[in-house]
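Just so we're on the same page: letters track the sequence lines, and every chain starts at 1.
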There are 2 protein chains.
Amino acid sequence: MSKQELAVLGQDSDSGTCCPALLTTPLDEGQAGELAKVFKALGDPVRLRLLSMIASRAGGEVCVCDLTPAFDLSQPTISHHLKLLRQAGLIDCERRGTWVYYWLLPEMVDRLAAILTRPAGEALPTPAEAAGASA
Amino acid sequence: MSKQELAVLGQDSDSGTCCPALLTTPLDEGQAGELAKVFKALGDPVRLRLLSMIASRAGGEVCVCDLTPAFDLSQPTISHHLKLLRQAGLIDCERRGTWVYYWLLPEMVDRLAAILTRPAGEALPTPAEAAGASA
DNA sequence: AGGTGGAATTGACGGACGTCGATACAACCA
DNA sequence: TGGTTGTATCGACGTCCGTCAATTCCACCT
């Protein structure tokens, strides 16, 4: 149950490129496809709230029984969304007795943050102005 | 043509919360809905490549005529994807003579990066281990 | 063994999304 | 003015996605 995430974005050293450089180099098709899967998982309000509830939990993990009642949705629907988040590599889970607990996988979130972080002193002199937005 | 982005995520100071804290506080429905729109825009390989091509451009802007031939898709389809990226507030454009130029809106990318960046010394003692991943 | 309660899977349905061809619009040029 | 080229919009079509009710699976408890 803990081995369903997809190995994306050159995790450690197998694919060569550590974190595809979205903002500085044109993404190739393969990278774009993998990255899109993760962003697509984030592209739903319910999944975002689920992820947020899991990530912001003090102990680091949440019981499904605490997540489901927070939504006006059926239990299978919540289970479905959790599965998608897990397949995107954003969370993982474990059954402990009767209940199932979910927790955040910080590596994937960190990778996304890095991908969306612009290099510090880049040669980008406010491109919006350069386009003539003043007039 | 330059006023179609959606005003999301408490841009400067009107909505109170600067950058919804995805990872430290449970997102409310409104925030989740707005954020999901942006991530949904990133959840497509073609749009990711378009955004990457635009963001990584030296001059800061790209002509549509340079983007379209890079894909094996029809011209209306590319135009459609560019529109979605623009509505998500990720890019903007301007017609200059015969051609239309697109550029990145760094503010939105920065906001997403901030949302996905975990607070430095957070009380998260490797939650994956605490769950019993060692056994 | 049988029963109970929590969570995942299955199958079905309606709406959203990506794609295209055809068309409309805008700017340049002869 | 009419023709040409670049870009956006429209309408349609097939597929994917979010949702549910029904069912199955799993662990616990008599």
Is there a side-chain polar atom (N or O) of A/Y102 under 4.0 Å from OP1 or OP2 of C/dA8?
yes
Any side-chain N or O of A/K83 less than 4.0 Å from the OP1 or OP2 oxygen of C/dT9?
yes
Could you pull out every donor-acceptor pair under 3.5 Å between side chains of residues 65-73 of chain B and any protein atom, sequence neighbours left out?
| residue | atom | partner | partner atom | Å |
| --- | --- | --- | --- | --- |
| B/D66 | OD2 | B/R57 | NH2 | 3.2 |
| B/T68 | OG1 | B/V64 | O | 3.2 |

B/D28: partners by salt bridge (charged side-chain N to carboxylate O under 4.0 Å, His left out), with sequence neighbours left out
none
Roughly how many Å is it from [atom1] in [X] to [atom2] in [N], rounded to a whole number?
X: A/Q87; N: C/dA8; atom1: CD; atom2: P; answer: 12 Å
X: B/L82; N: D/dG6; atom1: CG; atom2: C1'; answer: 13 Å
X: B/E94; N: C/dA26; atom1: CD; atom2: C1'; answer: 15 Å
X: A/L48; N: D/dG18; atom1: CG; atom2: P; answer: 12 Å
X: B/L42; N: C/dG18; atom1: CG; atom2: P; answer: 12 Å
X: B/K40; N: D/dC17; atom1: NZ; atom2: P; answer: 11 Å
X: B/K37; N: C/dA16; atom1: NZ; atom2: C1'; answer: 14 Å
X: B/L85; N: C/dC17; atom1: CG; atom2: C1'; answer: 14 Å

What's A/L84 touching, base or sugar-phosphate or nothing? Going by heavy atoms closer than 4.0 Å.
sugar-phosphate
Base, sugar-phosphate alone, or nothing: which one does B/L73 contact when heavy atoms must sit under 4.0 Å apart?
sugar-phosphate
Could you report the tightest heavy-atom contact between B/P20 and B/L27, atom names first, then the distance?
CB-CD1, 3.6 Å
Can you name the nearest heavy-atom pair linking B/L22 to A/A55, along with the distance?
O-CB, 4.4 Å
Would you confirm whether A/T25, through its side chain, and B/S56, through its main-chain N or O, come within 3.5 Å as a donor-acceptor pair?
no
Determine, for nucleotides 24-30 of chain D in 5'-to-3' order, which nucleotides have protein heavy atoms under 4.0 Å from the base (write B), from only the sugar-phosphate (write S), or from neither (write -).
---SS--
What I'd like to find out is whether the side chain of B/T24 reaches to under 4.5 Å of the side chain of B/P119, using heavy atoms alone.
yes
Which of these, B/L84, B/I91, B/L82, sits in a side-chain contact (heavy atoms from CB on, under 4.5 Å) with B/L50?
B/L82
Report, one line per pair, each donor and acceptor closer than 3.5 Å where one atom sits in a side chain of residues 40-49 of chain A; sequence neighbours left out.
| residue | atom | partner | partner atom | Å |
| --- | --- | --- | --- | --- |
| A/D44 | OD1 | A/V46 | N | 2.9 |
| A/D44 | OD1 | A/R47 | N | 3.2 |
| A/R47 | NE | A/A41 | O | 2.7 |
| A/R47 | NH1 | A/H81 | ND1 | 3.1 |
| A/R47 | NH2 | A/K40 | O | 3.3 |

Partner set under side-chain hydrogen bond (donor to acceptor under 3.5 Å, both in side chains) for B/S74, not counting sequence neighbours
B/T77
Those residues of residues 74-81 of chain A lying under 4.0 Å from DNA chain D by at least one heavy atom
A/S74, A/P76, A/T77, A/H80, A/H81
Tell me which nucleotide among D/dG6, C/dA7, C/dA8 gets nearest to the side chain of A/W99.
C/dA7
